[in-house]
Amino acid sequence: RAMNGRTIIIRLIDPPLHEFIPDKEVVLQEIYDLKIAGKTAELSEKLGLLKSIEALHESNPMMGMRGVRLSILMSDIVTMQVRAIFEAACRVAAEGVPVQPEIMIPLVAHLNELKVIQPQLDAVAKQVMKESGVTVPYLFGSMIELPRACVTADEITQLADFLSFGTNDLTQMTFGFSRDDVEASFLAEYLKRGILPSNPFQTLDVNGVGVLIKDAIRLSRKIKPMIQIGVCGEHGGDPESIHFFHKSGLDYVSCSPLRIPVARLAAAQANLQDHVGVKS
């Protein structure tokens, strides 16, 4: 209702599983306390929880069971999410408000991942519309967050209706940096000594990550010349990065709410420079 006819893009669940389960150390302490108290029934439940936590443990969860991988192996989670999206869309459409949900599938690396999950999600959308007696236009797209996705963007575009670069993850994967770790360890020293000209998580690395983005745009538009391609990430609110995105032919940027005024101004400046032939 709030979008009032405007297109809305919804990204499917993306975070790694460890963000949805209790901290192992906390559970271990609870088990110890229950043993001391002799509460056997509660102890059995906590031991079962501990077993699940250990089974889901990953050494590098940001590169593990998340994004489309989670969707494929635990598809009930995303089919539930897509059903909720389309039930809401059909309900609002029945009130006379035009809606067009666009569902974004995250962390795709291979076309075969889309071949597995997209038909399942498409079937859910059609089923909800059949149940409600309301039809709404919709699209399924892919986030491009991995180097492999960039260099095979022509393959991914065969199924994807739109693309969105997840530049936070794409930067991490291209550099081999963990954003959370490097900002607390060596990144400040790298910037101080000029090893890196700027923080690549704030201003896009155009000579590395930027080349992957340009290649992906070129490959995808060979398949679908009019495909909508955007950016989702902190770089979407950075003026210097926005100028690069504009030159590269992207259609839009998405950023955190606080950065929207800056992003709008930078986008307007980039567009003006393009029309009057001013070099940025």
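FYI, side chains are in, hydrogens and waters are out, and symmetry mates aren't considered; it's all heavy atoms of this structure.
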Table please: side-chain donor-acceptor pairs of residues 118-128 below 3.5 Å, with sequence neighbours left out.
unit_1	atom_1	unit_2	atom_2	d
Q118	NE2	L159	O	3.2
Q120	NE2	V116	O	3.2
D122	OD1	K126	NZ	3.2
D122	OD1	Y138	OH	2.5
D122	OD2	K126	NZ	2.7
K126	NZ	Y138	OH	3.0
Q127	NE2	E131	OE2	3.0

Note: M143 and G166 closest approach over all heavy atoms is CE-CA, 3.7 Å

Donor-acceptor side-chain pairing of S241 and H235 below 3.5 angstrom:
no

d(Q273 CD, H246 NE2) to nearest 0.5 Å is 8.5 Å

Contacts of D169 meeting salt bridge (Lys or Arg N to Asp or Glu O under 4.0 Å) (sequence neighbours excluded), chain-then-number -> R66

Closest heavy-atom pair, G237 versus V262, reported as atoms and distance to 0.1 Å, is O-CG1, 3.9 Å

Taken to the nearest 0.5 Å, the spacing of K247 NZ from I242 CD1 works out to 13.5 Å

Taken in chain and number order and not counting sequence neighbours, the residues that satisfy side-chain contact (heavy atoms from CB on, under 4.5 Å) with N60 are M62, M63

Q) So, T174 side chain and T171 main chain: donor-acceptor pair closer than 3.5 Å or not? A) no

Is V231 reachable from I10 through a run of I, L, V, M, F, W or Y residues, each pair having side-chain heavy atoms under 4.5 Å apart? yes

Residues 38-85 vs ring-ring contact (aromatic ring centres under 6.0 Å, His included), sequence neighbours excluded, gives none

Which donor-acceptor pairs under 3.5 Å do side chains of residues 31-39 form with protein atoms, sequence neighbours excluded?
unit_1	atom_1	unit_2	atom_2	d
D33	OD1	Q29	NE2	3.0

Residues passing the salt bridge (Lys or Arg N to Asp or Glu O under 4.0 Å) test with E42, sequence neighbours excluded, are none

**Message:** Count I, L, V, M, F, W, Y as connected when their side-chain heavy atoms are under 4.5 Å apart, and connections chain through other members. Are Y252 and I260 then in the same cluster?
**Reply:** no

Sorted by chain and number, sequence neighbours left out, side-chain contact (heavy atoms from CB on, under 4.5 Å) with L139 holds for Q100, E102, D161, F162

Taking every heavy atom of G67 against every heavy atom of L107, the minimum-distance pair comes out as CA-CB, 4.0 Å

Across all chains, not counting sequence neighbours, the side-chain hydrogen bond (donor to acceptor under 3.5 Å, both in side chains) partners of E95 are R1

With sequence neighbours left out, the residues meeting side-chain contact (heavy atoms from CB on, under 4.5 Å) with S178 are Q172, D180, D181

Mind listing the side-chain donor-acceptor pairs of residues 187-200 below 3.5 Å, one per line with the distance, residues two or more places apart or on another chain?
unit_1	atom_1	unit_2	atom_2	d
N199	OD1	F201	N	2.8

In short, M129 meets C90 closest at the heavy-atom pair CG-SG, 3.8 Å

- Okay, side chain of Q81, backbone of I77: is any donor-acceptor separation there less than 3.5 Å? no

Minimal heavy-atom distance between V68 and I117, with the atoms involved, is CG2-CG2, 3.9 Å

Between V27 and P22 the two heavy atoms that sit nearest each other are CG2-CB, 3.8 Å

Identify every side-chain donor-acceptor pair in residues 208-221 under 3.5 Å, counting partners at least two apart or on other chains, and give the distances.
unit_1	atom_1	unit_2	atom_2	d
S220	OG	A216	O	3.0
S220	OG	I217	O	3.0
R221	NH1	G249	O	2.7
R221	NH2	I227	O	3.2
R221	NH2	G249	O	3.3
R221	NH2	D251	OD2	2.9

Contacts satisfying side-chain hydrogen bond (donor to acceptor under 3.5 Å, both in side chains) that involve residues 69-80 (not counting sequence neighbours) are none

* Count the heavy atoms belonging to other residues, nucleotides or ligands that lie under 6.0 Å from CD of E240, then report whether that count exceeds 12. => no

